[in-house]
Amino acid sequence: MAPSAAEADSAAFSSGRLLVLYASQTGNAMDAAERVGREAERGGCTAVDVLSMDGFDPSRLPSERFVVFVVSTTGQGDPPDSMKGFWRYLLRKDLGAQWLEGVRHAVFGLGDSGYQKYNFAAKKLDRRLSHLGAEQVIEIGLGDDQHPSGARTMSPALQFHDDGGPPYMLQMVANQRLTEEGSDRHVRHFELEDPSSAVSYKTGDALEILPSQNPSAVDAFIERCNLDPDCYVTIRGKSEDKISNGSAVMSFFATAEHEKEKLQYFSSPEGRDDLYQYNQKESRTVLEVLEDFPSVQMPFEWLVQLTPPLKKRAFSISSSPLAHPNQIHLTVSIVSWLTPFKRTRHGLCSTWLAGLDPRKDNLIPCWIRQGSLPPPHPSVPLVLIGPGTVCAPFRAFVEERAAQSVAEPTAPVLYFFGCRNQDNDFLYKDFWLAHAQDEGVLSSKKDGGLFVAFSRDQPQKVYVQHKIKEQSARVWNLLLSGAAVYIAGSSTKMPADVTAALEEVICKEQGVKKEDASKWLRALERAGRFNIETWS
């Protein structure tokens, strides 16, 4: 959980101001920061400012008395883009050990324990603030996306996409199912293009997409809230606007006494656990909440503040710009799940994409974001490890190397792929097999290799880590020749299991202890040749 307002700023009431600074890559840290700000206001803090780090002048930090930092971690322990300038300033050598004397601070990190450098950005920030003389109000809080409660929070605050309009409006030109119709997994291949110009991106990059709402849900929302569907509305945000707790605001407009009591209970400290079960665990939409409390009739100016904006969703790009200069390909799992009360939920963005018809006009707002897998030089051998849909960046890597091999010599590539069944979910089967034959970049003639683990096609489960150990000598020889290792997978056990398998390879082939193998991989990481990207 984020540090509560009572813990983080109890002394702030005397000074009348609390500053909450956040650094967010996908919006989760912003949500948590907004929540800290709202709780501080409800606790009695008369002035709360919630700002992005890139919107705050770090030279003013010594003049603040109480600051809460909410920081997410991306990639290989990297800070979000909005934190990089702020962090560079804090690293200046002319800042002494008393520079932040008199400043009291709390740090809350949002991370994923599937990464080796879990919450690294928050930990670094907390240490640096202490080194500069700031006083820690409470111990650093570390939110873990793997925890059942999650690191994410749902904020009803009005927010805006502050990175401007989308640089690309791409047209979907292909929408193809990759898994078999009878499979319990639904994965699709999308191709997006800008028909007028080339799209500038690199292999390893991610594409952020802002989806649209289901039209039937929009119509139902308009009807429930008694809105005029033909009315044009312009919303202008003001940074000084302070948004109250959603349940408390709804209770003010509830006319049924039992609904008012329930909403007031949800907004109280005693009702937080029940609110979490009701709201987050069930993934309730704003429309469903309003339908559960039919006596609540809110004016539009209040309603719009309690309705969260749609968020962008990031997908690894599965194409090479050398092979497709005006296109971006995506490999997307169409998300659905059951809530604790057995309600079926569908991922908004993936379901929306799956429903688009390439034969019709459709424009998709898109942003390109640098990924956490740096594109390798053609002369660097590669060991690629990625099962399931996280094969996406490696499809791009293989496409890129195939295009590069036409003009110049390229280094070998070993790819370890995994899925449940060869017949149901061997994604891009023809693509991989084509590059593993003749003179393809995965072929034995090019000293490459394709190794596929089908976990459910035999009585004993087989995963990519088993295939790595089977190819121990080949993996080790490639590592000795300067290979870079790229791992992509779900943020549960997969990265740790693969790392352990590579350590076993080093122990076996080099005849060293596990501790020495771990040091060897850490040195590889410091050299930029051991990269992990995990997705929850």
Visitor: For Glu208, is there an ion pair with Arg313 - N to carboxylate O distance below 4.0 angstrom?
Guide: no

Visitor: Can you check whether Phe397 reaches Leu373 side chain to side chain, under 4.5 Å on heavy atoms?
Guide: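 Sidechains of Leu373 and Phe397: in contact.
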
Visitor: Got a donor-acceptor contact below 3.5 angstrom from the Ser267 side chain to the Gln264 backbone?
Guide: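 At least one qualifying donor-acceptor pair exists.
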
Visitor: Is it true that Arg395 and His329 share a donor-acceptor pair across their side chains at a distance under 3.5 Å?
Guide: yes

Visitor: Which is it for Val36 and Phe108 under the side chain to side chain contact (heavy atoms under 4.5 Å, CB included) test, yes or no, and what are the steps along the way?
Guide: CA-CA 10 Å; Val36 170; Phe108 175 58; over 6 Å; no

Visitor: We want to know whether Glu399 and Ser320 form a side-chain donor-acceptor pair, criterion being a heavy-atom distance below 3.5 angstrom.
Guide: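 No.
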
Visitor: Pairing donors with acceptors under 3.5 angstrom, does anything connect the side chains of Asn226 and Gln297?
Guide: yes

Visitor: Can you give me every donor-acceptor pair (side chain of residues 212-222, partner residue at least two apart or in another chain, under 3.5 Å) with its distance?
Guide:
from: Asn214; atom 1: OD1; to: Ser216; atom 2: N; distance (Å): 2.8
from: Asn214; atom 1: OD1; to: Ser216; atom 2: OG; distance (Å): 2.6

Visitor: Using the test side-chain contact (heavy atoms from CB on, under 4.5 Å), find all partners of Pro79 that sit at least two apart in sequence or belong to another chain.
Guide: Met83, Lys84, Ala121

Visitor: Which residues satisfy the ring pair (Phe, Tyr, Trp, His ring centres under 6.0 Å) test with Phe69, sequence neighbours excluded?
Guide: none

Visitor: Hey, could you give me the OG/CG distance between Ser82 and Leu21, rounded to the nearest 0.5 Å?
Guide: 10.5 Å

Visitor: Would Val71 and Met53 satisfy side chain to side chain contact (heavy atoms under 4.5 Å, CB included), going step by step from the backbone distance to the final call?
Guide: CA-CA 9 Å; Val71 178; Met53 282 191 189; 3.6 Å; yes

Visitor: How long is the span from the SG atom in Cys366 to the CG atom in Leu210, to the nearest 0.5 Å?
Guide: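 Here the interatomic distance stands at 9.5 Å.
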
Visitor: Indicate whether the side chain of His324 and that of Glu191 have a donor and an acceptor atom separated by less than 3.5 Å.
Guide: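 No, because no side-chain N or O of His324 sits under 3.5 Å from a partner of the opposite role on Glu191.
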
Visitor: State, to 0.1 Å, how close Ala122 and Val107 come at their nearest heavy-atom pair, and which atoms those are.
Guide: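 Ala122 and Val107 have their closest heavy atoms at O-CG1, 3.7 Å.
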
Visitor: Output all residues satisfying ring pair (Phe, Tyr, Trp, His ring centres under 6.0 Å) with Phe56, sequence neighbours left out; order by chain, then residue number.
Guide: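 By the ring pair (Phe, Tyr, Trp, His ring centres under 6.0 Å) rule, Phe56 matches no residue at all.
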
Visitor: Whether the side chain of Tyr22 engages the backbone of Val68 through a donor-acceptor N/O pair (distance < 3.5 Å, no angle test) should be reported.
Guide: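 Not at all, since once roles are kept as given, no pair shorter than 3.5 Å links the two residues.
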
Visitor: Less than 4.5 Å apart, any side-chain heavy atom of Lys467 and any of Phe417?
Guide: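 Lys467 vs Phe417: side chains apart.
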
Visitor: On a heavy-atom basis, which atom in Phe253 and which in Val249 lie closest, and how many Å separate them?
Guide: CD1-O, 3.3 Å

Visitor: Does the side chain of Tyr201 pick up a donor-acceptor pair with the side chain of Ser319 at under 3.5 Å?
Guide: yes

Visitor: I need the full list of salt bridge (charged side-chain N to carboxylate O under 4.0 Å, His left out) pairs touching residues 223-234, with sequence neighbours left out, sorted by first then second residue.
Guide: none

Visitor: Can you confirm whether Val20 sits close enough to Asp49 that some side-chain heavy atom of one is under 4.5 Å from a side-chain heavy atom of the other?
Guide: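 No, side chains not in contact.
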
Visitor: So if I apply the side chain to side chain donor-acceptor pair (under 3.5 Å) rule between Arg420 and each of Asp457, Asp184, Asp425, which one comes out positive?
Guide: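 Among Asp457, Asp184, Asp425, the one that satisfies the side chain to side chain donor-acceptor pair (under 3.5 Å) with Arg420 is Asp184.
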
Visitor: How long is the straight-line distance from CZ of Phe190 back to CG of Leu356, given to the nearest 0.5 Å?
Guide: 7.5 Å

Visitor: Measuring only between side-chain heavy atoms, which start at C-beta, is Ser200 closer than 4.5 Å to Ile368?
Guide: no

Visitor: When you look at CD of Gln404, are more than 12 heavy atoms from neighbouring residues, nucleotides or ligands closer to it than 6.0 Å?
Guide: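 Yes, enclosed.
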
Visitor: Are any side-chain N or O atoms of Ser268 and backbone N or O atoms of Gly271, one a donor and one an acceptor, separated by less than 3.5 Å?
Guide: yes

Visitor: Side-chain contact test, heavy atoms from C-beta onward, threshold under 4.5 Å: evaluate it for Leu353 versus Met172 and give yes or no.
Guide: yes

Visitor: Indicate the ring-plane relationship of Trp432 and Tyr415, choosing parallel, tilted or perpendicular according to the 30° and 60° boundaries.
Guide: tilted

Visitor: Compute whether any side-chain donor of one residue and acceptor of the other, for Tyr265 and Ser247, lie under 3.5 angstrom apart.
Guide: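 No, Ser247 and Tyr265 have no side-chain donor paired with an acceptor closer than 3.5 Å.
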
Visitor: For the residue pair Val70 and Leu110, establish whether any side-chain heavy-atom pair is separated by less than 4.5 Å.
Guide: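 A side-chain contact under 4.5 Å exists here.
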
Visitor: Please name the pair of heavy atoms, one in Ala314 and one in Arg369, separated by the smallest distance, quoted to 0.1 Å.
Guide: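 Closest pair (atom of Ala314, atom of Arg369, distance): CB-NH2, 3.1 Å.
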
Visitor: Under a 3.5 Å distance rule, please check whether Thr389 uses its side chain to pair with a backbone N or O of Thr331 as donor and acceptor.
Guide: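 Absent.
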
Visitor: Identify the two heavy atoms, one from Pro393 and one from Ala488, that lie closest to each other, and give their separation to 0.1 Å.
Guide: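 Pro393 and Ala488 have their closest heavy atoms at CG-CB, 4.5 Å.
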
Visitor: So do Leu330 and Leu192 actually touch side chain to side chain, heavy atoms under 4.5 Å?
Guide: yes

Visitor: Assess the residue pair Asp423 and Lys429 against the criterion (salt bridge (Lys or Arg N to Asp or Glu O under 4.0 Å)); give the C-alpha distance rounded to whole Å, side-chain angles, the decisive distance to 0.1 Å, and a yes or no.
Guide: CA-CA 10 Å; Asp423 295 334; Lys429 176 181 178 179; 5.3 Å; no

Visitor: Tell me if a side-chain donor or acceptor on Asp54 pairs with a main-chain N or O of Gly85 at a distance below 3.5 Å.
Guide: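 Side chain of Asp54 to backbone of Gly85, a donor-acceptor pair under 3.5 Å: no, none is there.
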
Visitor: Taking Thr179 for the side chain and Ser183 for the main chain, is one N or O donor matched with an acceptor at less than 3.5 Å?
Guide: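 Side chain of Thr179 to backbone of Ser183: no pair is present.
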
Visitor: Okay, side chain of Asn279, backbone of Tyr276: is any donor-acceptor separation there less than 3.5 Å?
Guide: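 No, Asn279 side chain to Tyr276 backbone: no donor-acceptor pair under 3.5 Å.
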
Visitor: To check you understand the geometry: which heavy-atom pair defines the closest contact between Ser72 and Ser24, and what is its length?
Guide: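 Looking at all heavy atoms of both residues, the shortest contact is OG-CA, 3.8 Å.
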
Visitor: Given the rule in the side chain to side chain contact (heavy atoms under 4.5 Å, CB included) test, do Thr351 and Ile334 qualify, once you have shown the distances and angles that lead to the verdict?
Guide: CA-CA 6 Å; Thr351 303; Ile334 311 306; 4.2 Å; yes

Visitor: Just by distance, do the side chain of Ser318 and the backbone of Ala392 share a donor-acceptor pair under 3.5 Å?
Guide: no

Visitor: Quick one: are Val296 and Met298 in side-chain contact, heavy atoms under 4.5 Å?
Guide: yes

Visitor: Could you measure the distance from the SG atom of Cys419 to the OH atom of Tyr463? Nearest 0.5 Å is fine.
Guide: 12.0 Å

Visitor: Would you say Arg401's side chain and Leu442's backbone share a donor-acceptor pair under 3.5 angstrom?
Guide: no

Visitor: Mind checking the OG-CZ spacing from Ser350 to Arg188? Nearest 0.5 Å is all I need.
Guide: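 Result: 11.0 Å between the selected atoms.
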
Visitor: Could you tell me whether the side chain of Asn362 and the main chain of Asp357 form a donor-acceptor pair under 3.5 Å?
Guide: yes

Visitor: Does the pair Val462 and Arg456 meet the rule for a side chain to side chain contact (heavy atoms under 4.5 Å, CB included), with working shown?
Guide: CA-CA 8 Å; Val462 177; Arg456 304 293 198 275; over 6 Å; no

Visitor: Taking ring pair (Phe, Tyr, Trp, His ring centres under 6.0 Å) as the test, write out the residues that go with Phe454, two or more places apart.
Guide: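 Phe454 satisfies ring pair (Phe, Tyr, Trp, His ring centres under 6.0 Å) with Phe426 only.
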
Visitor: For the residue pair Ala23 and Ala29, what are the closest heavy atoms and their distance?
Guide: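 In terms of heavy atoms, the two residues are closest at O-CB, 3.4 Å.
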
Visitor: Would you give the length of the straight line joining atom CZ of Phe266 to atom OG of Ser251, rounded to the nearest 0.5 angstrom?
Guide: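 It is 12.0 Å, given to the nearest 0.5 Å.
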
Visitor: What's the verdict on salt bridge (Lys or Arg N to Asp or Glu O under 4.0 Å) for Arg284 and Asp292, showing C-alpha distance, side-chain angles and the deciding distance?
Guide: CA-CA 10 Å; Arg284 276 184 167 85; Asp292 282 349; 3.3 Å; yes

